[in-house]
Structure formats: C-alpha cells, structure tokens
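Hydrogens, waters and symmetry mates are skipped; everything else that's a heavy atom, side chains included, is used. Just so you know, ligand 1 is whichever comes first in the structure, and atom 1 is the first atom listed for that ligand.
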Amino acid sequence: MAIDIVSGDESAAVAGNLLSVRDKIARAAEGAGRLADVATLIAISKSQPIQRIQAALDDGQRIFGENRVQEAQAHWTELRGRYSDLELHFVGHLQTNKVAEALALFDVIQCVDRPKLARALAREIARSGARIRLFVQVNIGEEPQKGGVAPGVAEAFIADCREQYGLEIEGVMCIPPEGEEPSPYFALLAGIAQRVGLTNLSMGMTSDYEIAVRLGATHVRVGRAIFGERQPPQGAKTNHTPPGG
Ligand SMILES: *Cc1c(COP(=O)(O)O)cnc(C)c1O
C-alpha cells in the first residue's frame, strides 16, 4: 500500500491524514455501537522524518509509538522537554539489556512477552521506582518470527506477571498475520483479555484499524496512514530482531 506524502507540503498532509484517521476511528466505533472516542490513537512514528513527527505534534497529536529504543531516544529525548503531555508507547521487541533505557523514556511498554523480560522489568522498576504501564503481547497467529506469548499460555503468563513478578498489566496487544483476514485474531485476543479481566485491547494498524475498532480495540497503532511510507535512514540495515534477549 502506498500512502505517500508529497514533499513540500508534508505538514498539511500529516494533518489531513490525522483528521481522516480520527474520523474513521470515530465512525467505526459508532457503527459498532461504541462511543466515538473509545479508541486511543497511537501514532507510530518509527522510521519517519522528524518533520512529519513535528507536523503531528503541531496538529495536537500527543500519543506516539516506537519500536526501537535507540531510534526513539533520537526522536523524543529533546521533544519530551518541549511537550510535557506526551505519551510514548514502546511497541517493538524489548531486549532485557535495554529495559532501564526503555523505562526512562516510555510511558507504556506494550510488548511484555516472556518471563525473562517480566523479571527484568520487575527488577528495574523496584530499583528505579519508574512508573510504567504494561501490556502483554500475544503472538496471536503463532508466527515464529513474531514476538509475543502463545495464545494458549497467555492467561497463565499474565497470572505469573501479576503474582510472581508483581507487575500490573493493563491490557493485551497483538499483530495478526499479514495478508490474512484479521477479525478472527482480534476476536481471539478479546477473548483472552476477557478471561483475565483486562479491558484494554491494543490492536489494529494502517491496514485494519477500522476492523479492530469494530471488534473492541481500545488502542490502535497507526503509522503509514498518518505519516506516509516509512523512510529508513540512508545506509541503515534492515531491522532483524535478535532471538532471545
Ligand atoms: C510499525 C508498527 C505499527 C504501525 O504499522 P502501520 O502499518 O504503519 O500502521 C503498529 N504496531 C506495531 C507493533 C508496529 O511495529
């Protein structure tokens, strides 16, 4: 899908895209008998030029998501000082050796997905007193290349997070398999959340956020529909997440 932004008037394009995405979220919610503002829009700013991020800020957007700690620091460390009401979500694969940096920058970590990470988070929260909101990522299509806890053990893992590690979990997150009809996966995630008493569902991206809102998403993570196609920095290697961590 090519959602390109004509250079020269990027800022108007981002503002127009934001208006359109917000409108589609509201319509999808209302169409499903939900309140128009029931889903929070997280603008995913990974691999986007800073001018487009600034355009979204100028338009009043304050909730953003990133999937790499280092890039997020480059994007946001300075902007944090200028916008006191920012809310930053981490939506990538979090290595345990990046936990302290992630806790220092982000307000929400959406990818708690293994005991080793849960332990590292608990330890660093205890050490630093950091305040953080946490979602458990579920590998809803059981894809080997994706992060997340398998659907079959998600409930047990969430119980462990709460009881063994003392972590307060506020929701679940998923990325359905690409090219497949996402609805059954969204429904599966909603079922898991319901069984463990969680009401926050982070699901839906550029290709499927309206479907996700109809199926109960409380948080949608939209990148390209707002900012246009991503532009990795010149010479950057593709981002393969290392196994384990
Ligand atoms: C990149 C990314 C998104 C946004 O994807 P778009 O297709 O650009 O909307 C959402 N969630 C996660 C976890 C991502 O990595």
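Regarding atom 5 (O) of ligand 1, its nearest protein heavy-atom neighbour is Met205 CE, 3.6 Å. Looking from atom 12 (C) of ligand 1 to the surrounding protein, the closest heavy atom is Arg221 NE, 3.8 Å. Nearest protein neighbour of atom 15 (O) of ligand 1, counting heavy atoms only, is Lys46 NZ, 2.6 Å.
Using a 4.0 Å cut-off between a side-chain N of Lys or Arg and a carboxylate O of Asp or Glu, Asp37 and Arg22 do not qualify as a salt bridge. Checked for salt-bridge contact, Glu10 and Arg52 meet the test: a charged N lies under 4.0 Å from a carboxylate O.
For ligand 1, the atoms closer than 4.0 angstrom to any heavy atom of Val91 are 12 (C), 13 (C). Residue Thr206 approaches ligand 1 through these ligand atoms, each under 4.0 Å from one of its heavy atoms: 6 (P), 7 (O), 8 (O), 9 (O). In summary, the atoms of ligand 1 found under 4.0 Å from a heavy atom of Val222, numbered by their order in the structure, are 9 (O). Which parts of ligand 1 touch Arg224 is read off a 4.0 Å heavy-atom cut-off, strictly below it: atoms 6 (P), 7 (O), 8 (O), 9 (O). Which parts of ligand 1 touch Ile175 is read off a 4.0 Å heavy-atom cut-off, strictly below it: atoms 13 (C).
The closest side-chain donor-acceptor pair between Glu87 and His89 falls under 3.5 angstrom. Side-chain contact annotation: Gln73 with Glu101, donor-acceptor N/O pair under 3.5 Å present. Ser47 and Gln231 share no donor-acceptor pair across their side chains, judged by distance under 3.5 Å alone. Looking at Asn139 and Glu143, their side chains never bring a donor and an acceptor atom within 3.5 Å of each other.
Annotation: Gly223 places an N or O atom under 3.5 Å from an N or O atom of ligand 1; distance criterion only.
Only the side chain of Arg230 comes within 4.0 Å of ligand 1, counting heavy atoms alone; its backbone N, CA, C and O stay farther away.
Residues His75 and Phe64 place their aromatic rings such that the two centres sit no closer than 6.0 Å.
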